[in-house]
Amino acid sequence: MSETVLDKEPKILVIATHACSYPGIDNAGQGHLEYPASVFVIRVPDPVLFPVDFYLKVFEMGYDGILIASCGTDSPYKKSYEKLSKRIDEVYKAMKEKGIDISRLKLTAICTVCAEHYVKEVREMYEKLKAMKAQAS
Amino acid sequence: MSQRTQENEEPRVGVFVCHCGGNISDVVDVEKVAKTISKDPRVKYATHFMFMCSDPGQNMVAEKIKELKLNRVIVAACSPKLHELTFRKVVAKSGLNPYFYEHVNIREQDSWVHSHEPEKATEKAIRLIEGAIERLTRQNPLKPGKKKTVPHALVIGGGVAGLTAALELARRDIPVTLVEKSPFLGGRVTQIDNIYPTGEDGKDLVDDLIQKVLKNDLITVRTNTEVVDASGSIGDYQVTLKITPRGVEEDVEGLDKAIEICPISVDNEFDYGTTKRKAIYKPYPKAVPNLPAIDWNTCTRCGECLKATNNKGINLNPEFKEDTIRVGAVVMATGFKPYEPLPGEYGYGEDPNVITLPQLIRIMENMDPNSKEFIYNGRKIKKIAFIHCVGSRQIEGVHTPKEGKELNTYCSRVCCSTTLWAANRLKKRFPDIHMFDLYRDIRTYQFYEDIYEEASRNNVVFVKFPDEEIPQVKIVKDDKGLFRIETTDILLRGKTVAVPADLVVLAVGIEPNPIRDLIEIFSIPYGSGGFLLEGHPKLRPVESSMEGIFLAGTAQAPMSIQETIIAATAAAGKAATILTKPEIELSPFVASVNLDKCEGTGRCVQECEYNAIELKEANGGKKAVIDPSLCAGCGACVPVCPNRAITLEGYDIDQILAQVEGMLKGVKAE
Amino acid sequence: MEKFDAVIVGGGIAGMQAALDLGDQGYKVLLLEKQASIGGTMIQLSKVFPTLDCASCITTPKMSAVSSHENITLWTLAEPKKIEPNGDRFKVTVFQKARYVNEKDCTGCGECEQACPVIIYDDGYDESLGPTKAVGVPFATAMPQKAVLHDDYCIFCGKCARACPTDAIDFTQRDKEIEVDAGTVILATGFLQTPTIKEEYGGGRFKNVITGKQMDRILAPTSPFGGVYRPGDGKIPDSIAFVQCAGSRDKSIGVPYCSAVCCMYAIKQATLLSAALPLADITIYYMDIRTFGKGHEEFYEQAKAMGVNFVRGKVAKIKEKEDGNLIVRVETFGEDGRIEEFEHDLVVLSLGLVPQWYPKGIVNVDIDETTKFIKLIKPMTDPTLTSMPGIFVAGTAGGPKDIVESIISGSAAAMKAAEWLNGKLRDAFFAKELDVKQVTN
Ligand SMILES: Cc1cc2nc3c(=O)[nH]c(=O)nc-3n(C[C@H](O)[C@H](O)[C@H](O)COP(=O)(O)OP(=O)(O)OC[C@H]3O[C@@H](n4cnc5c(N)ncnc54)[C@H](O)[C@@H]3O)c2cc1C
Ligand code: SF4
Ligand code: SF4
């Protein structure tokens, strides 16, 4: 099989929410803002759904980074952000134990009109991961 | 085709890639996408088409399902926000489970954001679709539950929006409870004695509505009442109301006297602080309900008022009560408050002759009707300067936000017309008055242009100041006026002018009433400026994305009275669509328990913020049981179960992992 | 006489919304649309402000929901000839133009259009910018997807009939009149742009002076030009001017009011243009920028930041040069007001909105004397009521509105119609009111 244009790129999984960040990411599209193509978005009601091992599995699979685009404190679900932040602390702990660079995971909040903020976040992560990749090889 | 058999069948996936008339296909090589994806052995059909959402597009999906016995469908097109539902319907009509459908976003999240990298965008589209295939082929057929609706609506807010919504719902035979936080009905419109563009007294307009509401048997009106808690969801909410006693319990003799002798005097919010009122008060003579009320925040319970009524009718130590009601839908009609300028903003607070437009309107109503002169604060007002866009259209670096708040970047829509309407009225009353209008743009849209025209005929002097320059209000004390306002005038090709004035009127904007508590209780999304957010501006303009919650009036955006009433009528209509039916279909995306795995640890019960989970005796042990109509679908319970017995339907972790892996691997074109 | 709960006149976004709301609540609706397809103005537009969603993406699902709804009957090429009260109901006489195509047989394949030798430029879907034929499916997303034959252009050569694979062309069809019975009527007959009669702006004769709607067509994904070119000579414009209030706020043309949407659509078009032609100069000549709706001011600020040039001044005159370029004479205001001239190679007139339909002779509702829109008899408390009890107005038929407002008013009119149908609103009009009850607390 031949190599494809995205194969070498650092891959980022974005976990987006129905209420806030998914429309926010759409908003970046409506504004025709540009960001790297190796960013893949999944859409869930709330990232609080995922257990710690989910994140570890995603890294094992081969993703370079995970960006959690949560609703932050604007989450439509009660107390979910509190719970999510706690969970992510646990994930960081587990990453450290496994020797995974913790800057490969980031929890952020993206609102429905936070298009520019979103683009900045993914670009930043992309550049960081790219540098990391270059160093490693 | 029964949905049972679908489950066990070998997946036969159909993939439809949309051009979106070039929006996608100008960047993404749609043909290559379709070709490559068809290499996946599960894909039995893959194609691309100009507009998938059009009728021919939809028909094609239906036909191919039939012809090729497809049992899973993927459309790669615009955002699922727009058309996921459209295609679910098509899939359902073709006899498949509607959730055997995945919508892949290759426009907003692909072609539009990678327009300079067509090759990458094309590959991304392929990978996204491949991920969707992995997830979809593992998906279970979801079956939404049904729920009985409580045929009763709650309307929050007793202004024109709330009154209208209540009345419209009752006319559709739906019982309504209308709650108003303050002791009196009518809201802001009662504070305007002359409304544009008809010139009627706002109190009459509101009173007409109130009378109709009061005459309607299906409407229960509760003033001095607040929503303090709620549980449940669309179709069936249990709402806890806190009822503040009125203090005045009966219409007895001496109540007017009681108001007179009450020793407590505070700023009268009805007159925006331009007058005082007592702790026992009534905002205007015809206020409804017509009994005075006691303001418990300022009442000292000194008992003076009781002397005037012979110890009758007034209860200074009443009980604060709570009550619970069940409703199927909620209309949010909580209205607005005028922007309160910052101390010193255009001299506000530094000199009493700098006032806001709502204050001016109150002053005009309270003025001696026979006075030939406009006297304010002992000064004869000969020149008035209006300044527009105060607290609206704010620009970063030019305006200062309030502490802890963001700038109000929006236009408040009604202040231009309100200002010029007031100017025209002043001119009529005091023909000698000189008026200056300092504005950025005059926004007397639609037929309100008449008001602007009349103001021009009335010789109002218009001064257009630049967006980035704030006019400087200087207090001077000479015979020309009390103030001199220095500003650039674009109409005079950018010359600096000095506008004299005895009274400065700030055309303040509209802010939503602070309703953080309600926003939290009902989990309602809100947007810029704190205004409640609609589900979609064109698809769901009067509905919140929180199902069962409807938006009416200025809680959602600045609006005129006419626009508020149209919105309230529309919101009532949407609520009626739910409440006139005996049941609603529930979201299928709720948590469910695998009873074989559940060991009854109860961790999930603690985790659920919606009280949707209970431990019950089942299968010979305590097991978690979830009420799908209470489950909000957040998934918080999923990760806490030590046995992984809970799945959020539609968001099974293993299915998502398969999708995520599918996106990573993609399908390679040889 | 066929019986319906409601007859809705006009299948634009407002009429469609009203039909869907009533249909969803179980009422039987007849929707009459004068054109061969529903969709109104919105289906012609490129993207829509302030979110810049693609107009077609919002409209087509509504169009297809209307046509597949079990409670909605759709008649295209149909308009009311007479609407009369009939007891407490209405008798509606519908005039339906012949399609000359058998709707049942037509598959919308377009073979007839290929075969037709008559090329026309009419003010239909493409606003006379692109060619159509005397027969064919009106446009790609038309609903119904059925061909229509225009008898005023057809030369009756029969080529289409021979080309049609299903023999659907039927020259024997005739216009007809059908009477129906309705419980209530909603008028959603929409608007037209102000005609380009102003002599100062060329009276419609300058090739590179186009209308707002034409600009939207040019910018649409389904653009008749396939990109942004000027109509005169196909040149890519590099200096584009918008003239605001070109057909509004002007007593001399009978449109004294502000049309409320033209500022926003000009800003939208300017935004789309600056993305399509990043090097072009884009200037908007305006008196006041009226971006008063939700999210509109932010949209305006964004356009400024993108480099769209906003110049305050009234355009007094437009002159055409030999090369097709235009000289725009602008008056600035005030004591030192100057007159300046600027050259542009494409000028867009941001025309206003005038009513599309005059009810006179058809139905006895009052119209507003100055504006000519259908008169709202209770503009403040019941803004969908006309002077005839039981007849309601939705969308721009009652005054200028944007799409969101048109949709909301469509829903509001549907609600009032439902109240009328269950008798409650009628009671409120005519019956004695009951006693006032006590308010709890
Ligand atoms: C150039 C331009 C750009 C615009 N851009 C935007 C934008 O980006 N965003 C936005 O929000 N708004 C925009 N608007 C405004 C928007 O077009 C209107 O708000 C909206 O189309 C009004 O819908 P309507 O249903 O009231 O009227 P219409 O769309 O005019 O629909 C009326 C329908 O009634 C039919 N009809 C008329 N008379 C009869 C009759 N006698 N019998 C049967 N049928 C009849 C007509 O054929 C038509 O289908 C724009 C307007 C213009 C001119
Ligand atoms: S309506 Fe007029 S005064 Fe009010 S914010 Fe808008 S432009 Fe400013
Ligand atoms: S919306 Fe703007 S362009 Fe249109 S009439 Fe009003 S001010 Fe003029």
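Order of the sequence lines sets the chain letters (A, B, ...), proteins ahead of strands, with each chain counted from 1. Here the structure is a predicted model, which means the values were calculated and not measured.
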Proximity breakdown for [X] and chain C, heavy-atom pairs closer than 4.5 Å:
| X | answer |
| --- | --- |
| T577(B) | both |
| Y448(B) | neither |
| L85(B) | neither |
| D450(B) | neither |
| L178(B) | neither |
| H19(B) | neither |
| E453(B) | side chain |
| E249(B) | neither |
| T409(B) | both |
| K89(B) | neither |
| Y439(B) | side chain |
| F87(B) | neither |

Smallest separation among heavy atoms of [X] and [Y], with atom names:
| X | Y | result |
| --- | --- | --- |
| E168(B) | M415(C) | O-CE, 3.4 Å |
| R312(C) | L491(B) | NH1-CD2, 3.2 Å |
| L376(C) | Q562(B) | CD1-NE2, 3.8 Å |
| R172(B) | Y27(C) | NH2-OH, 3.7 Å |
| Y286(C) | K464(B) | OH-NZ, 3.7 Å |
| K47(C) | W112(B) | NZ-CZ2, 3.7 Å |

Taking side chain as everything from C-beta outward and backbone as N, CA, C, O, which of these in [X] sits under 4.5 Å from a heavy atom of chain B? Side chain, backbone, both or neither.
| X | answer |
| --- | --- |
| A418(C) | both |
| S67(C) | side chain |
| Q145(C) | side chain |
| I408(C) | both |
| P256(C) | backbone |
| T291(C) | both |

When you look at I289(C) and R440(B), which way does the side-chain contact (heavy atoms from CB on, under 4.5 Å) test go after all the steps? CA-CA 9 Å; I289(C) 290 294; R440(B) 286 163 63 182; over 6 Å; no
Taking every heavy-atom pair that is under 4.5 Å apart, which of T384(C), T59(C), V48(C) has the most such pairs with chain B? V48(C)
Quick check on the interface: out of A412(C), A220(C), G410(C), who has the most heavy-atom pairs with chain B under 4.5 Å?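 Looking at each of A412(C), A220(C), G410(C) in turn, A412(C) comes out on top.
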Answer whether the closest heavy-atom distance between the side chains of [X] and [Y] falls below 4.5 Å.
| X | Y | value |
| --- | --- | --- |
| M287(C) | D441(B) | no |
| K538(B) | I13(C) | no |
| Y257(C) | Q446(B) | no |
| F447(B) | T371(C) | yes |
| M380(C) | P197(B) | yes |
| V542(B) | S411(C) | no |
| P383(C) | I565(B) | yes |
| D467(B) | F310(C) | no |

Give the C-alpha distance, both sets of side-chain angles, the deciding distance and a yes or no for side-chain contact (heavy atoms from CB on, under 4.5 Å) between D173(B) and N422(C). CA-CA 9 Å; D173(B) 305 314; N422(C) 79 2; 3.6 Å; yes
Give the member of [options] that has the highest number of heavy-atom pairs under 4.5 Å with chain C.
| options | value |
| --- | --- |
| T86(B), I561(B), D55(B) | D55(B) |
| R107(B), M50(B), E563(B), E108(B) | R107(B) |
| D208(B), I395(B), I566(B), L209(B) | I566(B) |
| L539(B), T564(B), T580(B), D489(B) | L539(B) |

With rounding to the nearest 0.5 angstrom, report the [atom1] to [atom2] distance, [X] to [Y].
| X | Y | atom1 | atom2 | answer |
| --- | --- | --- | --- | --- |
| T164(B) | D382(C) | OG1 | CG | 8.0 Å |
| M63(C) | S54(B) | CE | OG | 9.5 Å |
| F292(C) | T444(B) | CZ | OG1 | 10.0 Å |
| C411(B) | E298(C) | SG | CD | 9.5 Å |

Hey, is NZ on K242(B) packed in by over 12 heavy atoms from elsewhere, all under 6.0 Å?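 For K242(B), atom NZ is not crowded (no more than 12 foreign heavy atoms under 6.0 Å).
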Quick check against the 3.5 Å criterion: does D21(C) have a side-chain atom that pairs as donor or acceptor with the backbone of K574(B)?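 It does not hold such a pair.
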Would you find a donor on one side and an acceptor on the other, under 3.5 Å apart, between the side chain of E297(C) and the backbone of R393(B)?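 Looks like no, no N/O pair under 3.5 Å.
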Would you check, one step at a time, whether the test salt bridge (charged side-chain N to carboxylate O under 4.0 Å, His left out) holds for E405(C) with R413(B)? CA-CA 14 Å; E405(C) 293 167 331; R413(B) 188 173 186 138; 2.4 Å; yes
Is the closest side-chain donor-acceptor distance between Q58(B) and S64(C) under 3.5 Å?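 Side-chain D/A pair, Q58(B) to S64(C): present.
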